[in-house]
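Inspection log for the structure reproduced underneath, given as structure tokens.
Chain letters run A, B, ... following the sequence lines, proteins first, then strands; residues in each count from 1. We use all heavy atoms of the structure for the numbers below, so side chains are in, but hydrogens, waters and symmetry mates are not.
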Amino acid sequence: MVIENVKPKFWVEKERLNSKIVDCLTVILRTSGCYWAKKNGCLMCNYIADAYPSTYDELVNQIEFAMSNKNFQILKIFTSGSFFDTKEVPEGFREYVYSKAYELGIKKLIVESRPEFITSKIVDELSALKFEVEVGIGLETANDFVREYCINKGFKFKDFERAAKLLKGKARVKAYLLLKPPFLSEREAIEDAINSTLKIKNLVDVVSLNPTNVQSKTYIEKLWKLKLYRPPWLWSVIEVLKQVSKEVDIISDPVAAGKIRGPHNCGRCDKDVAKAIKEFSLHKDISVLDVECECKALWEKILELEDYSRIPLVK
Amino acid sequence: MVLSMLLTKRDGCARIGKIVIDSKEFELPLLIDFLKKEEFEDLLNSMDFGLSPYVIKDIDSKRFDALKSRDENFLILTGLKTLSPKRIVEEIFKLVKNSKPIYTPALATPINLPLLIYLGIDIVDNILPIVDAYNGIYYTNDSKFKLQNLKSLPCNCPVCLNGIDALKNSEYEERSYLIALHNTYVMKSQIELIRETIRNENLRNFVEAKAKLNPELTVILRIADNLNFCYEFHSAFKKSKVYFNTLESFNRPEVKIFFERALKAYKPKTKTLLILPCSAKKPYLLSKTHKTIRRVCKIRVNEIIVSSPLVVPREFELVYPAINYDTPVTGHWSDEEISFVAERLREFVDKGNFERIIAHVENGYRKVVERALKDYNVEYTCNSSITSQDSLKNLKRALENRSEKLDLYKEIFEHMVRYQFDLEMNLEGKIKGKYPELELINSNERVLRVNKNYGMLDIYRVFAEQLIEAKKYVVKIGDFDPKGTIFAIGIENADERIRPNDLVVFYNDKIFGVAKAIMAGIEMVEAKKGMALIIKRKWNF
């Protein structure tokens, strides 16, 4: 069936669906990869390392393999690129996914794409489906300057806005925001995430806050090795969530939380704080975010001082 | 916002001055205290830190151009902490001649502070000592400790007066804040001390001593010396005593300037050369040993005095730093010391046409002469001690029946004129005064006088006119009648040879006079602000 070297990554996790917690199958398909990553690429991303130019049949094999013997109500399909880019995901495969999803009776399909592939044709395609679709777009920040120079994302806010407006009412819109692009201080990063959230709250259905992690062979990794970059504190994630949770539906599932390459605190409290963030994302209970640790005082100092140091002051 | 900067004193690259922002004054070198951020709010708000740290420039110049600091008033060098000591010096070296004040955020600690100021940093902060405090790190002037490892607090600041138990028993946040407060006290007292040291032109001695406590600082100092760091800003004449205490002392700018100038200016005249050891007392001629030798023997030949690291022809013994230094004398000479001094001695000897060399030296000094003058037939006259009966008798015999003549005081003046002003002159007049307070008088008018505090010549009207004619050490000022101080803004042109503390002649169409330089010549022309000259005397044309 599935060839060993093109095995997709997949797992079942909990997701929130209409205020209920349900099982969600997440599959990361091995596609030829994000076209932007091949051309130029974002400073924090090296998912292109996992790229493999799967054919239609191979992709079908991958998804069949991932779905076998599993129960789930939400299907999340990631390609580490754009689901709607036909150069990346072969023509016809989308149709296959839709019909498979319908066949399995799932409640919600989640995919992701850069805004340039979201056309009115795509929106028509999605609105015809019998189940809910959510499209994730990596906006990263609402600030064009930061997106261009600190992330190198290659599109403007107005591109995102156009895509989001097209999707609005036809499919759910999820915006990914990056917490702590390189070159922002910890405080600036929090401010950027909050401002971005508030700026897009009427364009999106949900915000996914993604604290940066240091992937291998990325620009960020180079900075990190030179002690010029540190992933954000988990306290910063909590700070953003607390500040905007009343305004917008926001979730966060930090990758590599508590690890030195991921968002982390002092090492003693990371597990508890990361757990609180996940809890909040599932249950929307803001009180779970009231965790404490001594290191919060250090984080507060860092917020004050990193604006001036322009480099990380602690590991 | 109105910002202005005024420099008032230099000691090498280090400078004292003040910046004024909207009528609020900050003294340079400045410590920005982030525990009292409100006091520095105007200053900090005026600064553009940029998004990217300064050190990105070599990693990604394109992104750096988009994200760098665009501050118009300050050079803000962020991220230097991430570089090796060598790279830190090299980065500062590239920028230090710029007239803007330099700020290195998040780099200073009490330990590296004197060296940073020595390298020309004008503004530092306490960011690292604060962050370290939150990691339990307690600083003293020269080292750092984990608070938990301390049995008592080696400090008398208000925090430490409460005792170690009070500190150790307080909660994390409070304890961290208190340590940060203590660390800041240490920084503040250091910066006050550094300012005083600059005023006393003594920073180098202090920095060398500090460097010995930390290999990284020693690395920085050595690299800076090898780069001839800010060479043109270092004074050739200073009021402070030079301590040759460390290996780095051999590479001091003072030593380089001395050998560079003395070798160029040295013109020995006699066929015989006498080599003598140095004395603790300066100038050497006032020492007991040199006095005794001269009482017993008639010395009318050129003399070179061997010391470490200096080698001083007698003609230069009133010149800084020969007139004002101390060197640790143990009797033991390291091989490096012998080589260094021997090479310098050889260079001086090669300037003359000596037919006979008498070396009245012993021990290490003799090793120096032996290494330097292998191919000469040197007569050694010393037996056990240089002032023993035997030794003196030998020396006296060696110097007998020499028909040579040397007017030492006249030679001293001519050599000092060459050394100080790069000027060849046949001096007319009479030398008066009691050594070393000599002066040259011509037609009842004083021409030159030895200033033994700075190891230089003070100059008067006749000589000033000659400097104007020679276009050396002159500063052309605007069309005004200066009083007391001349600021950089009033200067039209200045000789590039001028170093801080040099005596210079300023002039315009109507007046001329003698002044002491506060800045280097290049700075006087480029800088818009700051004190350039302090007038000593002036005349009408």
Under 4.5 Å between any side-chain heavy atoms of A:Leu305 and B:Asp125, yes or no? no
Any heavy-atom pair between the side chains of B:Tyr134 and A:Cys295 that's under 4.5 Å? no
State whether a side-chain donor-acceptor pair under 3.5 Å links A:Tyr308 with B:Lys37. yes
From the options A:Ile311, A:Leu223, A:Leu226, select the one residue that forms a side chain to side chain contact (heavy atoms under 4.5 Å, CB included) with B:Thr82. A:Ile311
Counting only N and O atoms by type, is there a donor-acceptor contact under 3.5 Å from the side chain of A:Arg310 to the main-chain atoms of B:Leu51? yes
Looking only at atom types and distance, does a side-chain atom of B:Arg63 sit under 3.5 Å from a main-chain N or O of A:Tyr149, one as donor and one as acceptor? yes
Residue part contacting chain A, namely of [X], when any heavy atom lies under 4.5 Å:
X	value
B:Leu67	side chain
B:Leu35	side chain
B:Ser52	both
B:Leu128	side chain
B:Asn135	side chain
B:Leu44	side chain
B:Leu83	neither
B:Ile56	side chain

Chain A interface, residue from B:Pro53, B:Ala133, B:Ser176 that has the most non-hydrogen pairs under 4.5 Å: B:Pro53
Taking every non-hydrogen pair under 4.5 Å, which of B:Val131, B:Thr104, B:Val55, B:Asp132 racks up the most with chain A? B:Val131
So for A:Leu313, is it side chain, backbone, both, or neither that comes closer than 4.5 Å to the heavy atoms of chain B? both
Hey, is [atom1] on [X] packed in by over 12 heavy atoms from elsewhere, all under 6.0 Å?
X	atom1	value
B:Lys168	NZ	yes
B:Glu38	CD	yes
A:Lys275	NZ	no
A:Lys38	NZ	yes
B:Lys18	NZ	no
B:Lys36	NZ	no
B:Glu72	CD	no
A:Lys39	NZ	no

Heaviest contributor of heavy-atom pairs below 4.5 Å to chain B, chosen from A:Glu148, A:Glu294, A:Lys227, is A:Glu294
Can you name the closest pair of heavy atoms from A:Ser309 and B:Pro105 and give their distance? CA-CB, 4.5 Å
Shortest non-hydrogen pair, A:Ala297 vs B:Tyr172, comes out as CB-CE2, 4.0 Å
Please test B:Ile130 against A:Lys301 for side-chain contact (heavy atoms from CB on, under 4.5 Å), starting from the C-alpha separation and ending with a verdict. CA-CA 8 Å; B:Ile130 292 173; A:Lys301 271 285 161 219; 3.8 Å; yes
Please test A:Glu300 against B:Glu173 for side-chain contact (heavy atoms from CB on, under 4.5 Å), starting from the C-alpha separation and ending with a verdict. CA-CA 11 Å; A:Glu300 282 165 2; B:Glu173 191 170 353; 4.2 Å; yes
Roughly how far, to the nearest 0.5 Å, is the CG atom of B:Asp60 from the NZ atom of A:Lys222? 6.5 Å
Rounded to the nearest 0.5 Å, how far apart are CG of A:Asp307 and CZ of B:Phe49? 9.0 Å
